[in-house]
Amino acid sequence: MLLFVGVTFLALLMATFYRAPEGVQLYRQDGAAGAVGRRRGGLNRQQAVNLWVCGGIYAVLSALSACRIASGNDYWVYTGMFDLISQGRHVSSEFGFNALVRIVQFFFGTEGYSYLPIFGLFSLLTVYFFLRAIYEQGDWFLGSLFLFLMNGYYFSSFNSVRYYLVLAVALYSSKYVLRREYLKFVLWILAAATFHKSVLVVIPLYLGANWLAGIRLKRWHYALGTLLVLSLVFGRDLYRAIIFRIYPYYEHSMFDTVDYSVTNIGKCVGTLILSILCYKAVLRENRRDRFYFFLNLGGLALYTCGAFIPEVSRVAYYLVVPQIFLIPDLLRGIGNKALRRILTAGTALAFAAYFAMFLRSAYDVNIRLLPYLNWIFN
């Protein structure tokens, strides 16, 4: 646990040296493509420092993840899948994942500890896409990184390596929705779906949230939204039938339960309240943050009315992870300096408490992120 806390502290400490220069965002406020942070004369001093900071954080986070062994409750399940793939036998994973595993096995073989380079590659890719998304889309780099780490997204990526890779890609590709470069967005998601097909849900969800963010809502929009929520309440049998057609092995399994995540509901409700308080200052004229707002609203609807969906967080996380961009924007948009400091401190303490609870649960046999072992010293 001390190692996890130390790595988190080190990453956040390095992030304090990051300063967002003007024009670093990959899109402008109106959603059009913008500058990429490199000026004609090359990098200035602060931009160079920013890249070194991001590089250092990437090295620390990816190294901890890539060097793990037997960390994660599905670690040995994946090693079994790697063996089946090497033998050409049937596995339930998607063909993109299987192909990447075969490529790594071609170079590193299939005997002994050949699974280590596979886990290492997925770690490098997952951390890269998460950090790249924070670098490009977070107006407050430190705040977004803090929420990313405190929510446990990074450490949870030690489990479910396929899912967290596509989650990172989905977060990264949301910039193309904001730019209105929809073809690029769809192509990225289709590529990610070859590793975990659940990511396909973000195509209608992200496009729908972006459409709502760009229009002036009318009464029929609220009526339609209400009908969609009611459909989750009264049409659960239909939704379950569709889900089990795609994932038949979930039916009557240990995952086929109604599970209300109180902590995730609380985070969505807290973000909603903060959004209402900051509507005039931030959301009303900011299409990007309205996009994140509607994603959070969808996540809240899923966690409350769609709890019957097996492993509902697999879908809801696509909607709530962008909170790491929305919450810092909302806090920074509060005009009253004293109130801004109080709410920022309160938010930081709340997520720090959540992180402590997460670390405490990391020893659980169903999570098994702790104790941390690595192939260098263990």
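Values below: every heavy atom of this structure, side chains too, minus hydrogens, waters and symmetry copies. Because the structure is a prediction, the values reported are computed rather than measured. Start at 1 with the first residue, then count along the sequence.
- With N296 contributing its side chain and T271 its backbone, the two residues share no donor-acceptor pair below 3.5 Å.
- Under the 30°/60° scheme for interplanar angles, the aromatic rings of Y115 and F119 are found to stand perpendicular.
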Original post:
Please walk me through it: do Y153 and Y317 pass ring-ring contact (aromatic ring centres under 6.0 Å, His included)?
Top reply: CA-CA 10 Å; Y153 298 137; Y317 265 28; 5.5 Å; yes
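- Linking Ile, Leu, Val, Met, Phe, Trp and Tyr residues whenever their side-chain heavy atoms come within less than 4.5 Å leaves L2 and L64 in two separate clusters.
- In this pair, F308 and Y239 present their aromatic rings tilted. The plane angle is within the 30 to 60° band.
- Relative orientation of the Y78 and F82 rings is tilted, given thresholds of 30° and 60° on the angle between their planes.
- With Y163 contributing its side chain and S157 its backbone, the two residues share no donor-acceptor pair below 3.5 Å.
- In this structure, R368 does not pair ionically with D74, as no charged nitrogen and carboxylate oxygen lie closer than 4.0 Å.
- Of the charged side-chain nitrogens involved, at least one lies within less than 4.0 Å of a carboxylate oxygen, so that R162 and E94 count as a salt-bridged pair.
- Ring geometry for Y176 against W188 counts as parallel: the plane angle stays under 30°, on a 0 to 90° scale with 60° as the upper cut.
- Side-chain atoms of Y372 do not come within 3.5 Å of backbone N or O of I69 as any donor-acceptor pair.
- Applying side-chain contact (heavy atoms from CB on, under 4.5 Å) to L330 and the options T347, L343, L283, D289 leaves one that passes, L283.
- In the hydrophobic cluster analysis, where Ile, Leu, Val, Met, Phe, Trp and Tyr join through side-chain heavy atoms closer than 4.5 angstrom, V262 is grouped apart from I265.
- The aromatic rings of F195 and F122 lie perpendicular to each other, with more than 60° between the two planes, well past the 30° mark.
- Classification of the Y154-F148 ring pair by plane angle, with boundaries at 30° and 60°, yields tilted.
- Y172 does not carry R132 over the face of its six-membered ring by the limits of under 6.0 Å from the centre and within 45° of the normal.
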